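Reading through the structure tokens given below for one structure.
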Amino acid sequence: MSIVNIIGLGYIGLPTALMFAKSGVKIVGTDYNDNLVNSLTEGRLTFKEDGLEELFKEALSNGIEFTTEYQKTNTYIIAVPTPYILNSKKLDPKYVISAVNSVLDVCEKGSALIIESTISPGTIDKFIRPEIEKRGFSIGEDVHLLHAPERIIPGNMIHELEYNSRTIGADNPEIGEKIKGLYLNFCKAEIVVTDIRSAEMSKVVENTYRDINIAFANELAKICRTDNMDVYEIIRIANKHPRVNILQPGPGVGGHCISVDPWFLVGDYPDLTNLILTARKINDSMPRHVLGRIRDIMREHGFKDISKVGLYGLAYKENVDDVRESPTLQLLERMDEHLAFGVKVFDPFVKTRIVEHQFLNFEDFLNEIEILVIMVGHEHIKNNMGLIKDKLVLDTKNICVFDEAYKL
């Protein structure tokens, strides 16, 4: 079997590369970042994930290679970042376009270009096809285009790569079935072959659906706060209805999927996305809501020194070190706007200092604060509730075991 060249060795590309290599597929991972490639070549991972270390060792023993060079082969998986443009909210396809052009420089005739990166509906038609045709390649003969969006979440990546269903969008169903066979080397779930635009849209719709449902819970929390009602009790009772499943409110939405993908639809369909835009605004407003709750608690207890406030958690979700679009970082930005400097920060999973006044030792962190704001529900804090009982606690994740804690 020819090698599979995986482009982009970040949170999505690397686990995918390792899963393929473990299953016996010859893999070469390519990334422009020299430090990243050198680290992987020397056997050092660049982020933590349950099961990733063991998977990495198996992939290394099966001969996986890492390089900054694109390989001459016939199968490429592109898993580079896809940011959105802040002002227009539209996808910025520059990294995907760059990767495609680099593939075209070396690929064999008839190669399959599989884009795993999350892209907005129509991205391949608007940007990728013209780029390929501009280079003089015939799509369907010289190269085959496919879209196979990932569906994994940090903290459970390895399991979800293996057991989550997948979608493969292809111009040619026969090529789609061939690539389905490639993914079946490690994927034990259903793999659906469809057209490219349906594959593009389905991934964005999945994350937008989740964002809207989170927004309902967050708006409900705000409503209940204004009239002194217990949102968690109300949700608990409402969810006893067989057709109701309200999510839990929280301090905001982070990560590079739910907090980003809905903007692709807003940017492309501004006149048709009223609900989606409203949901985005609600979820983006939650860090400011948390700031208001901190102010309420400080006023109630006569505190004027913001440096006595500590934020627990920098990651965007529990039990990972991924801080992309983190609600805590969003909250720190809001505080900076209000000249609220000096708030302390701690996260047991973030081992290097990325913000001011960040502590790397939990007890040192607690010794410096009077008000603890739980922003992330790490197992670490659940296992150390006894250490925080003497603090004023704002629990945005509803995990505290004592009644005195303040809620959203």
Side-chain angles (χ1 to χ4, degrees), residues 1-69 71 73 75-81 99 114-118 148-168 179-191 203 255-257 315-324 348-352 378-380:
M1 178 187 290
S2 300
I3 66 170
V4 174
N5 191 191
I6 295 186
I7 315 302
L9 298 172
Y11 284 99
I12 303 304
L14 181 61
T16 300
L18 300 182
M19 287 295 284
F20 272 121
K22 176 188 175 183
S23 68
V25 178
K26 177 62 177 173
I27 295 294
V28 176
T30 296
D31 200 288
Y32 73 91
N33 186 327
D34 286 313
N35 292 332
L36 171 60
V37 169
N38 290 338
S39 177
L40 294 172
T41 300
E42 293 166 4
R44 292 180 286 110
L45 289 168
T46 55
F47 62 91
K48 291 187 176 182
E49 174 68 29
D50 286 347
L52 193 63
E53 190 73 47
E54 296 78 6
L55 182 60
F56 188 39
K57 290 176 182 176
E58 290 187 71
L60 288 172
S61 68
N62 280 356
I64 191 172
E65 298 175 24
F66 304 102
T67 179
T68 57
E69 302 294 324
Q71 304 298 295
T73 185
T75 306
Y76 299 86
I77 296 176
I78 296 173
V80 296
I114 308 156
I115 297 174
E116 274 208 8
S117 306
T118 299
E150 51 79 20
R151 275 179 174 159
I152 57 176
I153 189 169
N156 200 32
M157 284 182 174
I158 310 306
H159 177 85
E160 295 198 354
L161 273 170
E162 193 168 3
Y163 294 104
N164 278 8
S165 64
R166 295 195 73 109
T167 303
I168 295 174
I179 298 305
K180 173 180 176 178
L182 174 64
Y183 278 92
L184 284 172
N185 277 287
F186 68 80
C187 182
K188 294 181 170 60
E190 180 183 12
I191 300 178
K203 172 60 189 295
H256 194 63
C257 289
Y316 85 86
K317 69 182 295 290
E318 68 279 358
N319 305 321
V320 301
D321 63 356
D322 189 345
V323 301
R324 291 176 296 172
F349 287 85
V350 181
K351 304 296 187 182
T352 57
H378 292 314
E379 286 300 316
H380 170 269

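As the structure is a computational prediction, the values presented were derived from the model and not from experiment.
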Note, Ile158 side chain near Met19 side chain (heavy atom, < 4.5 Å): yes

CG on Leu14 to CG on Leu45, rounded to 0.5 Å: 6.5 Å

Step-by-step side chain to side chain contact (heavy atoms under 4.5 Å, CB included) determination, Ile64 to Glu58: CA-CA 9 Å; Ile64 191 172; Glu58 290 187 71; over 6 Å; no

Partners meeting side chain to side chain contact (heavy atoms under 4.5 Å, CB included) with Thr75 (sequence neighbours left out): Val4, Ile114, Leu182

Partners passing side-chain hydrogen bond (donor to acceptor under 3.5 Å, both in side chains) against Thr41 (at least two apart in sequence or in another chain): none

Residue pairs fulfilling side chain to side chain donor-acceptor pair (under 3.5 Å) with at least one residue in residues 43-55, sequence neighbours excluded: Ser39-Arg44, Glu42-Arg44

Value rounded to 0.5 Å, distance of CD1 in Ile6 from CD1 in Ile77: 4.5 Å

Partners passing ring-ring contact (aromatic ring centres under 6.0 Å, His included) against Phe20 (at least two apart in sequence or in another chain): Tyr183, Phe186

Pro15 to Met157 - nearest heavy-atom pair and separation: CG-SD, 3.7 Å

Salt bridge (charged side-chain N to carboxylate O under 4.0 Å, His left out) contacts in which one or both residues fall within residues 153-165, not counting sequence neighbours: Glu162-Lys188

Approximate separation, where rounding is to 0.5 Å, of Leu9 CG and Thr30 OG1: 7.0 Å

Contact summary for Ala148 and Arg166, nearest pair of heavy atoms: O-NH2, 3.4 Å

For Asp322, side-chain hydrogen bond (donor to acceptor under 3.5 Å, both in side chains) partners two or more places apart: Arg324

By salt bridge (charged side-chain N to carboxylate O under 4.0 Å, His left out) - contacts of Glu318 (at least two apart): none

CG-NZ distance between Leu55 and Lys22, expressed to the nearest 0.5 angstrom: 6.0 Å

Residues forming a side-chain hydrogen bond (donor to acceptor under 3.5 Å, both in side chains) with Gln71, sequence neighbours excluded: none

Minimum side-chain heavy-atom gap Ile3-Val25 below 4.5 Å: no

Ile7 versus Ala99, closest heavy-atom pair with distance: CG2-CB, 4.1 Å

Donor-acceptor pair, side chain of Thr68 and main chain of Asp34, under 3.5 angstrom: no

ring-ring contact (aromatic ring centres under 6.0 Å, His included) partners of His256, counting only residues at least two apart: none

Atom pair CD1/CG of Ile152 and Leu161 - distance to nearest 0.5 Å: 4.0 Å

Partners passing side chain to side chain contact (heavy atoms under 4.5 Å, CB included) against Asn33 (at least two apart in sequence or in another chain): Asp31, Asn35, Leu36

Test salt bridge (Lys or Arg N to Asp or Glu O under 4.0 Å) applied to Glu65 and Lys26, step by step: CA-CA 9 Å; Glu65 298 175 24; Lys26 177 62 177 173; 3.0 Å; yes

Heavy-atom closest pair, residues Ala21 and Ala59: CB-CB, 3.7 Å

Reported CD1-to-OG distance for the pair Ile12 and Ser117, which is rounded to 0.5 angstrom: 9.0 Å

Minimal non-hydrogen separation, Arg151 against Ser165, with atom names: NH1-OG, 2.8 Å

Cys187 side chain near Tyr163 side chain, heavy-atom distance below 4.5 Å: no

Any donor-acceptor pair under 3.5 Å from Asn319 side chain to His378 backbone: no

Beyond-backbone contact of Val80 with Glu116, side-chain heavy atoms, under 4.5 angstrom: no

Ring pair (Phe, Tyr, Trp, His ring centres under 6.0 Å) pairs, two or more places apart, involving residues 35-67: Tyr11-Phe47

Side chains of Glu150 and Cys257 in contact at under 4.5 Å (non-hydrogen atoms): yes

Side-chain H-bond candidate by donor/acceptor type, Thr73 with Asn5, under 3.5 Å: no

Sequence-distant partners of Thr16, side-chain hydrogen bond (donor to acceptor under 3.5 Å, both in side chains), two or more places apart: none

